[in-house]
Amino acid sequence: MRDRRRSHRLAAALAVSGLLFGTAACGSGSGSARAGDPNTLEVWTRSDPESAQTYQRVFAAFTKKTGIKIDYQPVMNFDQQLQSRASTKDLPDVMINDTALMGSYQAQGLLKPITPDSIAGHDEITAKSWSSTVGRDGRHYGIPYSRQAMTLFLRKDWREKLGLPQPKTWQDTLALAKAFATRDPDGDGKRNTYGMVVPGSAQNGYVAWWGSSYLWQGGVQILQKEGMGYRPAMDSAAALRTVTWMKKNLFCGDSGVIQPSALTSVTANTTNFQDGNAGMYLTGPYNISTFDEALGKDKYEVLPAPAGPAGNAVLADGENVYFGAKTGKAKQEQALAAFLVSPEGQTLAMTGDHQPVVRIPVNSTLDAAKVRDDPRWSVVQKAYETASVQFPNAPDFAPIKQDTADALNAIFTYCGSDVRSGLKELNDTLAGDLKDQDLLK
């Protein structure tokens with residue numbers, strides 16, 4: 001079943017790739033008024049209406065400063081609409097989207113390579129952030145824009161009511177989760193609370209996205225770098241130990257440790273923490289403003305992720321600025337990128353009345369906690385700087401993440417299933433994904 005799914009996905013990717021390689025060769029070719037105006041950039045972001053208002057404020061400031069106009073398009077179903085535009089050989093000038101998509105975009109011929117030195121202020125971006133924009137050929141295909149790292153959101157009022165310490169290890173976390181599920185931390189006399197929130201659906205790779213922090217804390221690597229390629233590493237002893245621990249203690253352990261809907265939950269419907277019936281959530285800092293409004297900032301705390309056997313590494317991701325693979329407007333594109341990564345542009349994107357679109361600034365002269373006057377952001381920034389791991393950016397990681405999520409979801413769903421055989425099957429599937437990309441070593 002998994003091999004057939006991988007083959008269908010590969011065929012679809014190759015079809016899109018053909019469209020995009022053609023686009024890259026042809027340039028804009030649209031004849032639109034926007035394409036003919038050298039002083040207007042069409043810019044796409046993957047944004048909902050709330051975050052789009054922050055982008056609009058940022059772009060208005062850029063236009064006021066430079067005179068370069070922005071034709072701004074906030075897009076939710078980004079990839080679908082991008083493929084449609086590729087078929088008409090008319091890509092946006094600039095796109096802001098996830099770092100993890102860079103490998104896929106580059107492989108499909110979507111992106112224009114960039115030289116960091118061409119972006120004013122490039123030296124204020126750390127080498128760690130720049131490293132996530134390097135493609136398979138060693139060239140850069142994006143400009144870092146925003147970064148984030150997972151941290152533990154925890155009901156401080158519940159923890160203190162039960163007289164329990166902040167968790168430092170997996171065992172501490174498990175003990176606290178069981179206490180939240182069984183000792184009536186909300187005081188209503190009912191057993192209606194859960195230990196932690198888990199977006200464990202396979203849809204869009206969510207359980208692999210959430211679970212990757214646990215994998216790394218257990219000493220697991222999904223892929224092992226070897227020379228110019230990779231080999232899958234999900235059949236290792238560390239993977240067997242870690243996934244077995246997760247299955248036994250979280251998904252198939254005591255009732256109430258995680259919310260009942262975990263294995264079908266994505267982040268959009270995983271609302272137990274802000275709804276007030278779950279005690280912990282390992283998630284990204286974009287939720288801080290939501291939780292402040294729903295719970296009140298005095299009710300919860302933001303903590304470093306508790307450590308597993310191999311440490312406290314957590315998933316880091318974020319957004320890059322990409323230039324569409326087309327000719328012309330290089331100076332205007334570079335000017336926009338320089339503004340977006342400048343202290344002024346980053347500060348505008350981190351503040352205001354609407355959802356911030358920069359979480360941890362990529363500009364190293366800025367401190368997230370000072371910009372926001374909120375010390376909780378120092379926990380997030382430190383996690384990114386000292387304990388974060390990113391998915392590999394050079395391969396197309398999307399099918400690898402999805403196949404990992406499919407396998408983990410199945411392993412966690414069927415409590416009687418054999419973890420070793422499930423991981424062996426996953427490892428074989430990942431080898432096929434790498435072979436499809438000519439990256440298997």
Side-chain angles (χ1 to χ4, degrees), residues 1-6 8-9 169-182 191-223 232-267 269-270 272 277-282 306 308-310 315 399-433:
M1 176 68 74
R2 192 168 294 135
D3 285 342
R4 289 198 298 272
R5 181 171 58 248
R6 185 170 61 81
H8 294 157
R9 187 168 57 237
T169 66
W170 282 3
Q171 291 306 319
D172 294 344
T173 304
L174 187 60
L176 190 59
K178 290 179 179 179
F180 285 163
T182 61
R191 188 165 174 170
N192 56 1
T193 53
Y194 308 108
M196 66 175 70
V197 178
V198 173
S201 172
Q203 180 182 335
N204 296 327
Y206 271 109
V207 70
W209 171 82
W210 168 85
S212 61
S213 296
Y214 279 94
L215 295 179
W216 293 323
Q217 290 162 16
V220 183
Q221 296 187 60
I222 300 173
L223 302 180
M234 285 301 291
D235 62 349
S236 66
L240 178 61
R241 286 193 305 269
T242 302
V243 175
T244 298
W245 187 92
M246 295 170 69
K247 177 179 181 175
K248 176 182 177 182
N249 293 290
L250 303 182
F251 295 91
C252 298
D254 293 342
S255 176
V257 168
I258 61 176
Q259 86 275 17
S261 62
L263 287 165
T264 58
S265 293
V266 300
T267 54
N269 60 25
T270 308
N272 300 80
N277 58 26
M280 286 181 280
Y281 193 4
L282 183 68
L315 175 67
I400 294 164
K401 182 176 73 171
Q402 186 59 59
D403 283 328
T404 302
D406 289 341
L408 291 177
N409 184 270
I411 289 170
F412 298 149
T413 296
Y414 303 105
C415 292
S417 64
D418 181 66
V419 176
R420 187 187 300 274
S421 61
L423 292 177
K424 175 61 169 63
E425 183 181 357
L426 169 60
N427 217 61
D428 292 343
T429 302
L430 297 182
D433 290 333

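A donor-acceptor distance shorter than 3.5 angstrom exists from the side chain of Ser213 to the backbone of Leu315, with no hydrogens or angles considered. Not a single donor-acceptor pair under 3.5 Å links the side chain of Asp172 to the backbone N or O of Pro306.
To the nearest 0.5 angstrom, Tyr214 atom OH is 11.5 Å from Thr242 atom OG1. Taking CD of Gln203 as the reference point, atom CD of Gln402 lies at 8.5 Å (rounded to 0.5 Å). Asp403 CG to Ile222 CD1: the interatomic distance, rounded to the nearest 0.5 Å, is 11.5 Å. Atom CG of Asn409 and atom OG1 of Thr404 lie 12.5 Å apart (nearest 0.5 Å). Atom CZ of Phe251 and atom CE of Met246 lie 5.5 Å apart (nearest 0.5 Å). Interatomic distance, Thr169 OG1 to Gln217 CD, rounded to the nearest 0.5 Å: 10.5 Å.
For Asn277, the side-chain hydrogen bond (donor to acceptor under 3.5 Å, both in side chains) test picks out Asn272, with sequence neighbours left out. Contacts of Tyr206 classified as ring pair (Phe, Tyr, Trp, His ring centres under 6.0 Å), with partners at least two apart in sequence or in another chain: none. With sequence neighbours excluded, no residue forms a side chain to side chain contact (heavy atoms under 4.5 Å, CB included) with Ser255.
With Val257 as the fixed residue, the side chain to side chain contact (heavy atoms under 4.5 Å, CB included) test singles out one of Leu174, Asn249, Thr173: Leu174.
Contact check on Asp254 versus Lys178 returns a salt bridge, with a Lys/Arg side-chain nitrogen under 4.0 Å from an Asp/Glu carboxylate oxygen.
Residues Lys401 and Ser212 have side chains that never bring a donor and an acceptor to within less than 3.5 angstrom of each other.
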